[in-house]
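What follows is a short report on a single structure.
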Protein chains: 2
Amino acid sequence: MFDGIRKYYELLIPALTELLWQELEKRLVIERYPKGSLICREGDICKGVYFIQEGLARLYYTVEGREICTGFAKEGEYLSEYDSFLTQSPAAQSMDVLEDTIAINLPFEQMQTLYEHAPVYEQAGRKIAENLFVLISRYNTRLLTLSPEDRYQYIIENQYHLIQRVPQYMLASLIGISPEHLSRIRKKMTR
Amino acid sequence: MFDGIRKYYELLIPALTELLWQELEKRLVIERYPKGSLICREGDICKGVYFIQEGLARLYYTVEGREICTGFAKEGEYLSEYDSFLTQSPAAQSMDVLEDTIAINLPFEQMQTLYEHAPVYEQAGRKIAENLFVLISRYNTRLLTLSPEDRYQYIIENQYHLIQRVPQYMLASLIGISPEHLSRIRKKMTR
DNA sequence: CATTTCCCTTAACATATATCAAGAAGAAAA
DNA sequence: TTTTCTTCTTGATATATGTTAAGGGAAATG
């Protein structure tokens with residue numbers, strides 16, 4: 001059950017011994033979400049960092065009744081409303097799942113306990129924070145420096161699984177344009 | 001000289017002893033930048049995380065000859081092209097200073113050495129990464145959920161020093177609009 | 001003190017992109 | 001199968017925001 005996430009932590013913490021892993025493992029919580037259900041609602045405090053074991057999760061703002069997606073995580077990837085998680089303050093975004101999903105949650109209090117328990121866990125926390133920073137930073141770079149066409153092209157070339165698993169109108173909001181406009185861009189690109 | 005940054009590290013690492021501080025201090029590098037000079041050029045590898053001792057630094061993309069600002073740091077704040085720093089890959093943004101600036105740099109190799117030296121430093125690394133994540137995440141939230149007017153209003157209410165120290169056309173790009181448009185927004189707001 | 005440079009404003013105009021509305025095509029449900 | 005959703009497409013229209021250009025004032029420079 002925990003094979004995938006264990007490999008992930010071994011990458012994060014080169015010095016992860018069997019004992020240290022067991023200490024971590026017993027704090028992990030397996031959570032199952034049926035397609036369409038919420039992991040975290042905007043305004044609530046995000047309870048954890050979720051390692052997606054199986055399925056597909058989504059992070060999005062709701063602005064004037066409309067959803068603006070900012071990220072997706074598939075099997076083997078992490079997702080969290082990390083600002084809310086870190087600062088234990090109300091989440092600006094919601095998280096839900098687009099498919100039946102199994103997530104492994106490392107809750108906030110458990111993470112703090114680990115930090116106090118042994119300093120190596122700090123290293124995992126640091127690398128998770130660093131990885132999430134790089135993700136959001138590059139997302140930002142694309143939004144600010146690429147044209148809508150090039151942002152879509154980026155998804156084709158680097159996140160093709162999203163095109164197969166995510167409705168096009170959600171990708172439009174990820175790119176920062178309307179669904180109609182993405183449809184026209186696609187039409188132009190096939191020519 | 002190192003008073004400001006020491007206080008900052010004491011916040012990050014509650015367990016920072018005199019000895020641990022000395023170990024850190026001897027790895028810090030004081031750097032002076034005259035107004036207008038570059039700390040890091042786009043395409044280069046960002047050499048460090050810079051604690052601004054005195055002055056004002058800026059982070060910005062250059063797209064088709066135009067500059068798009070994404071962040072500023074004044075005295076007592078940090079700045080870095082952190083993606084480049086973490087991954088030791090070419091920077092997407094440049095960093096320069098808008099005023100004569102004294103920065104205290106913790107270079108990448110020195111930071112790695114500290115991590116190996118004692119695990120408490122991991123805690124500082126983690127918190128720096130977490131803080132920078134929260135900063136960029138909230139910047140993102142503002143860009144994606146607020147109108148240009150409200151983004152400018154946010155600066156007035158929460159970063160008023162920028163209005164006093166940064167040219168308006170740079171704030172326009174921080175907000176994600178043209179200088180002319182910001183000028184019109186300001187005119188409308190005074191009424 | 002003159003002069004140059006930088007920055008802000010304003011107006012006219014251009015345009016990318018959003019919005020609105022309708023229909024088609026699949027996919028899911030009954 | 002038929003029906004009902006959901007998603008995607010397409011066209012007509014609207015609009016926010018960008019672009020270009022010009023002038024003025026403040027600040028830096030010599």
Side-chain angles (χ1 to χ4, degrees), chain A residues 34-37 56 58 60-69 72 96-100 142-156 160-191, chain B residues 34-37 55-56 58 60-69 72 96-101 142-156 160-191:
Chain A
K35 177 176 177 174
S37 62
L56 184 62
R58 168 177 76 130
Y60 62 98
Y61 297 98
T62 305
V63 183
E64 290 164 20
R66 290 166 203 218
E67 295 173 352
I68 301 175
C69 306
F72 298 89
D96 68 1
V97 302
L98 303 186
E99 305 170 2
D100 290 343
R142 274 173 259 136
L143 275 186
L144 295 175
T145 68
L146 299 183
S147 68
E149 281 88 339
D150 290 347
R151 279 176 258 158
Y152 185 65
Q153 190 64 42
Y154 174 87
I155 294 179
I156 293 176
Y160 197 77
H161 62 280
L162 292 183
I163 291 182
Q164 298 167 315
R165 294 169 79 174
V166 173
Q168 196 171 300
Y169 71 89
M170 287 187 189
L171 294 184
S173 77
L174 183 72
I175 291 172
I177 61 177
S178 68
E180 295 88 343
H181 191 64
L182 177 56
S183 179
R184 289 183 192 113
I185 284 175
R186 279 164 48 82
K187 190 182 181 187
K188 196 163 35 165
M189 283 172 69
T190 54
R191 270 188 279 123
Chain B
K35 177 177 177 174
S37 62
L56 183 61
R58 168 178 76 129
Y60 62 98
Y61 296 100
T62 306
V63 183
E64 291 165 19
R66 289 165 204 220
E67 295 173 353
I68 300 175
C69 306
F72 298 88
D96 68 2
V97 302
L98 303 185
E99 305 170 2
D100 290 343
T101 295
R142 274 173 259 136
L143 276 185
L144 295 176
T145 68
L146 299 182
S147 67
E149 281 87 341
D150 289 347
R151 280 176 257 156
Y152 185 65
Q153 190 64 42
Y154 175 86
I155 294 180
I156 293 176
Y160 198 76
H161 63 279
L162 292 183
I163 291 182
Q164 299 168 312
R165 293 168 81 174
V166 173
Q168 197 171 299
Y169 71 90
M170 289 188 188
L171 294 184
S173 77
L174 183 72
I175 291 172
I177 61 177
S178 68
E180 293 87 347
H181 191 61
L182 177 55
S183 181
R184 287 183 203 115
I185 285 175
R186 279 164 47 82
K187 190 182 181 185
K188 196 164 31 164
M189 284 172 68
T190 54
R191 268 188 280 122

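Scope of the values below: all heavy atoms of this structure, side chains included, with no hydrogens, waters or symmetry mates.
Rounded to a whole Å, the CG atom of B:L98 is 14 Å from the C1' atom of C:dC6. Protein atom CG of B:L182 is 14 Å distant from nucleotide atom P of C:dC7, rounded to whole Å. In this entry the distance linking CG of A:L146 with C1' of C:dT17 reads 17 Å, nearest Å. The CG atom of B:L171 sits 13 Å away from the C1' atom of C:dC8 (whole-angstrom rounding).
A:I156 has its side chain within reach of A:Q153: a pair of non-hydrogen atoms, C-beta onward, lies under 4.5 Å apart. In this structure, A:M170 and A:Y60 have side chains that are not in contact, with every pair of non-hydrogen atoms separated by 4.5 Å or more. Within the 4.5 Å cutoff, no side-chain heavy atoms of A:I177 are placed close to those of A:Y152. Side-chain contact between A:L162 and A:L171 is present, with heavy atoms from C-beta onward closer than 4.5 Å. Using a 4.5 Å heavy-atom cutoff, the side chains of A:L174 and A:V166 are not in contact. Taking the side chain as every heavy atom from C-beta outward, A:Q168 and A:L182 approach each other to under 4.5 Å. B:H181 places none of its side-chain heavy atoms less than 4.5 Å from the side chain of B:I175.
When B:T145, B:L146, B:I185 are each tested for a side-chain contact (heavy atoms from CB on, under 4.5 Å) with B:R151, only one passes: B:L146.
Across all strands shown, B:P179 has no heavy atoms under 4.0 Å from either base or sugar-phosphate atoms.
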Using atom names, set out every protein N or O paired with an N or O of nucleotides 20-29 of chain C below 3.5 Å, distance rounded to 0.1 Å.
from	atom 1	to	atom 2	distance (Å)
C:dC20	N4	A:E180	OE2	3.4

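When each of B:V166 and A:H181 is assigned the nucleotide of DNA chain C with its nearest heavy atom, B:V166 is the one assigned upstream, toward the 5' end. A residue-by-residue look at A:I177 and B:R186 shows that B:R186 has its nearest nucleotide of DNA chain C further toward the 5' end.
Under a 3.5 Å cut-off, the side chain of B:D100 and the backbone N or O of B:K35 do form a donor-acceptor pair. Of the possible donor and acceptor atoms, none in the side chain of B:D96 sits under 3.5 Å from a partner among the backbone N and O of B:S37.
On the nucleic acid side, DNA chain D contacts chain B at distances under 4.0 Å to non-hydrogen atoms, with the end points of that region at D:dT17 to D:dT20.
Rounded to the nearest 0.5 Å, atoms CD (A:E67) and OH (A:Y169) are 6.5 Å apart.
Over its full length, the helix from C:dC1-D:dG30 to C:dA30-D:dT1 turns its helical axis through 50°, comparing axes from the five pairs at each end and rounding to 10°.
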